[in-house]
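Proteins come first, then strands; the chains are lettered A, B, ... in the order of their sequence lines, and each starts at number 1.
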Amino acid sequence: MSIYDTLNPQQLEAVKHNKGPLLILAGAGSGKTRVLTHRIAYLIDELDVNPWNILAITFTNKAAKEMRERVDNIVGYGSENIWVSTFHSTCVRILRRYIDCLGYDKNFTIYDTDDQKTLIRDVCKYLNIDTKTYKERSLLSAISAAKNELITPERYERESQGDLTKSKYASVYKEYQKRLKQNNALDFDDLIFKTVELFENHTDALEYYQKRFKYIMVDEYQDTNTVQFKLISTLASRRNEDGIIENNLCVVGDDDQSIYKFRGANIYNILNFEKQFPSTKVIKLEQNYRSTSTILDAANEVIHNNLGRKDKRLWTDNGEGEPLSFTQFDTEYEEANEIVSDMYNLILNDGHDYNEFAILYRTNAQSRIFEEKLILRNIPYKIVGGTNFYQRKEIKDILAYLKTIDNGLDDIAVKRIINIPRRGIGLTTIDRVTDYAIWNGMSFYEALKHAESIPGLGRGTSKISPFVSLIEVLKSKMANPAYSLEDLINEVLEATGYLSELEAEDTEEAQGRIENINELINKVVSYEKTTEEEPSLSGFLEEVALVADIDNLEDSNNVVVLMTLHSAKGLEFPYVYLCGMEEGIFPSYMCINSDDPTDIEEERRLCYVGITRAMKRLYLSAARQRMVRGETQFNRPSRFIGEIPRYLLSQSSSSGNRYSAGGNSSSQFGGSPAKTPYYGSGSTQKGGTWTPQENTQSDGKDVFANNPFITKGFGGSSKLGPTTFDKIKPSPAVIDYGVGDTVKHIKFGVGIVSEMVKQGDDYVVSVDFDTLGTKKMKASFAKLQKL
DNA sequence: CTCAAGAGCCTTTTT
DNA sequence: GGCTCTTGAG
């Protein structure tokens, strides 16, 4: 029995294809990672390909890590030589070696979105551009779009002649790029663009990598943009010994899951792959191993409404399963409350694990209410996305110190921390130093060293020198190989007084920040222990710059996860709650109002991604009324609900006000061939009165009805950020109480234990609280204290 | 230079 | 509704 026996015929065909371009159209849940890993194994084991010659590219570190693990498991020997990494880290690795050819220093820093914003602000200030007329956001996205299309500042300038707005953009782009170089920094888009540039201008570098990467595999190919395409197609177009271009390029993707157009993804990369590479072998994987046929049918029906797609239809022999459900609640509070209590019951009564559940939504802002409700019920959870750990103030501050020590050319980092903690260095001083630096063609930090010769600084001079010597001392300490990164961070915290200042604050918020800083120290320690290369400050900063929040999602953590539909791509959960299914929310009003009709198709693909995350059950929901940006909106159910055939869906409404589930043309749902008005029901208001829509009866079964555990109202607004909360792990509870004992709960206060039911290793404890009534909770999480 | 209060803007999605 | 930037008083 070989490892290939478990593959279906199409999968096997893909695995065995070993020469020339291969396009695998892999539907959701069709085992594409299996195919990729088995193909790698096949190349090595059966065709004697050197592992060193294989490159596998993914989009997220999580996907890379997963693939690495699975490859390690099935490839016996030499698997560590396979290069498995993300687009961005692949490029960083190449650039660290060759970027000096492009006039950058090899220890360049990587700018994240916040850094980019700061830089663009500086640029606008310098160029006297009013950021009210030219928004930073649009400037940045124009620059990003240009880079994604391989347009240099020079070309942008040339092509914008005669157009005033475009010329302004061009000048900003040019100056922005100039400053990046001065700061020895690259933004995310540069990482790939510069690598392509390197390959175009330095054939020795290109040849080296072409020779090395004889077999290239790309995952999530539908999300590649023009530069990324250029990168891989360049790498894959080496001439072999016989002078023939082999294009051993295997791409895996699903055009129905292309959801990153806003980031420059070019869906034509996958739709036209066969045209780009005429000898392409195309293999479709349509058997789904994840979901019930009901879930798949719903997904198929929804996506069928898109025009620009390759024809395919997922099928499964997993059986029919339960119908989907759709519930329309009155408010978003009710929606969150009922979802959480429904989940709570499934966990408590049916013994499900927390990590079988996911709550998915369109926008990050929707997570907050769920967070409140989950805290209230003591359900451990993790919110993926939103503000990433490394974007937190305290973390960015510490990192800015490290960056300053590592690369004094990075003005943005230096300016961030020059007055943190307070050193009495204000805006005036900073501006003077900046002018001096520009005038003398030096970096900001370099100018600080010459503070005494800067005119007009006055008292500022004496404030600057302690800062400079602090950095210099730390720099010289770093030169000692015995001095670890952990030592460095601790010294920064110590010498700046950053930590003691937080400790002195003595608030819950400061406590959270300290915990985050400790978490950062943990990450440094683990980096120093586990990195394959020699640990270095640059290396750590680079690793940190390229992590996405999703990368930290450990499957082993038994928690409920909350995330956007975008983040959920590639994941699966037995039970999925897809909430906020409303016109104006999902699809977002942006696409509804967009001039580009394909925008709504992207939104529909996002819906398809959401539906296909569910393995066993999918719960869809909407709210009639919802606060968005301080404004109450009244939205109709999403058009996507209307696109799911009636027989797959059990529908209900939370109030007595039920509406009938019409067919696809039903007017309750948003969407119609004609352009739809802004909001589903066409009304928004602040205060005032509003009459609910006329809704007719429904025979739908209300899956959330009569839930005994509903608590009305909510209160537990928490200051805890996700990163502090997700650390809660189930631990065997010390249970020193029994029925009749008085216990204390951290949130609910004092109550009396009325019942204890054993469930696995745990107990479900019912406690009567004076004011709140009876609550059920798991002993291991409730951390009840006997009084 | 720092802090506090108010104005205004925003949010769709992220490596 | 909440975050960030601006404004004005110490």
Side-chain angles (χ1 to χ4, degrees), chain A residues 57-64 85-92 110-114 116-118 121 131-132 135-138 140-141 144 147-148 186-193 220 223-225 227-228 258-265 332 360-369 384-388 390-391 393 419 421-431 458-460 463 542 544-551 563-569 580 584-594 599-600 602-603 605-607 609-610 626-633 686 717:
Chain A
I57 297 189
T58 62
F59 272 84
T60 64
N61 293 299
K62 185 180 195 307
S85 77
T86 65
F87 267 104
H88 295 271
S89 22
T90 300
C91 292
V92 170
I110 301 165
Y111 275 2
D112 68 12
T113 325
D114 285 339
Q116 287 181 287
K117 247 196 193 154
T118 315
R121 211 169 295 156
T131 48
K132 288 208 170 76
K135 294 258 175 300
E136 290 153 16
R137 273 170 41 89
S138 16
L140 275 173
S141 66
S144 175
K147 288 182 179 178
N148 286 332
L186 276 74
D187 65 19
F188 286 132
D189 301 315
D190 276 345
L191 293 176
I192 301 167
F193 194 3
E220 306 283 11
D223 291 329
T224 52
N225 59 32
V227 219
Q228 286 161 341
S258 160
I259 54 174
Y260 283 109
K261 190 171 137 198
F262 72 93
R263 194 165 82 187
E332 76 266 38
L360 307 181
Y361 35 77
R362 178 67 238 268
T363 65
N364 282 308
Q366 290 167 259
S367 66
R368 182 164 249 117
I369 320 177
V384 176
T387 25
N388 170 324
Y390 294 103
Q391 289 172 329
K393 268 188 223 79
N419 201 29
R422 307 255 121 79
R423 295 187 178 91
I425 302 173
L427 212 66
T428 332
T429 311
I430 292 174
D431 280 348
R459 211 164 291 123
K463 305 263 171 68
E542 157 193 327
V544 152
L546 296 177
V547 296
D549 205 34
I550 192 85
D551 300 335
M563 65 184 111
T564 62
L565 290 156
H566 282 88
S567 298
K569 192 169 61 139
I585 302 290
F586 187 34
S588 77
Y589 75 92
M590 290 285 214
C591 326
I592 295 176
N593 289 346
S594 164
D599 281 356
I600 200 78
E602 173 134 326
E603 209 75 351
R605 290 192 291 269
L606 195 54
C607 183
V609 166
R626 174 185 302 270
M627 279 281 253
V628 181
R629 271 173 288 157
E631 195 180 53
T632 306
Q633 288 184 5
K686 268 187 170 163
S717 94

### Task
Could you check whether A/Arg626 gets within reach of a base, just the sugar-phosphate, or nothing at all, counting any heavy atom under 4.0 Å?
nothing

### Task
Map A/Ile425 and A/His566 onto DNA chain B by nearest heavy atom, then report which one ends up closer to the 5' terminus.
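Nearer the 5' end of the strand: A/Ile425.
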
### Query
For DNA chain B, whose closest nucleotide is more 5', that of A/Asn61 or that of A/Thr428?
A/Thr428

### Message
Ignoring hydrogens and geometry beyond distance, is the side chain of A/Arg263 in donor-acceptor contact with the base of B/dT15 at under 3.5 Å?
### Response
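Under the 3.5 Å cut-off, the side chain and the base do not form any donor-acceptor pair.
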
#### Entry: Nearest-neighbour nucleotide for the A/Arg629 side chain, B/dT15, B/dC10, C/dC5 considered
B/dC10

Taking only side-chain nitrogens and oxygens of [X], does any of them come within less than 4.0 Å of OP1 or OP2 of [N]?
| X | N | result |
| --- | --- | --- |
| A/Ser567 | B/dT13 | no |
| A/Thr429 | B/dC1 | yes |
| A/Asn364 | B/dT11 | no |
| A/Arg137 | B/dC10 | no |
| A/Thr564 | B/dT14 | yes |
| A/Asn419 | B/dT2 | yes |
| A/Arg422 | B/dC3 | yes |

Given atom [atom1] of [X] and atom [atom2] of [N], what is their separation to the nearest angstrom?
| X | N | atom1 | atom2 | result |
| --- | --- | --- | --- | --- |
| A/Asp187 | B/dT14 | CG | P | 18 Å |
| A/Leu191 | B/dT14 | CG | C1' | 14 Å |
| A/Leu427 | C/dC5 | CG | P | 12 Å |
| A/Met563 | B/dT15 | CE | P | 12 Å |
| A/Lys135 | B/dC9 | NZ | P | 7 Å |
| A/Glu136 | B/dG8 | CD | C1' | 14 Å |
| A/Gln391 | B/dT15 | CD | C1' | 11 Å |
| A/Leu140 | B/dT11 | CG | P | 12 Å |

### Task
Flag yes if more than 12 heavy atoms outside A/Lys117 fall under 6.0 Å of its NZ atom; otherwise flag no.
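Not buried by this count: 12 neighbours or fewer within 6.0 Å.
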
### Task
Look at A/Asp223 together with A/Arg263 and state whether they make a salt bridge at an N to O cut-off of under 4.0 Å.
no

### Minimal non-hydrogen separation, A/Asp599 against A/Lys261, with atom names
OD1-NZ, 2.9 Å

### Identified ring-ring contact (aromatic ring centres under 6.0 Å, His included) partner of A/His566 from the options A/Phe586, A/Phe59, A/Tyr260
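Filter result, single survivor: A/Tyr260.
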
### Query
Do A/Ile110 and A/His88 have side-chain heavy atoms sitting under 4.5 Å apart?
no

### Query
So do A/Thr632 and A/Arg626 actually touch side chain to side chain, heavy atoms under 4.5 Å?
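They are not in contact (no side-chain heavy atoms under 4.5 Å apart), so the answer is no.
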
### Query
B/dT13 base stacked by A/Phe262? Criteria: ring centres under 5.5 Å, plane angle under 30°.
yes

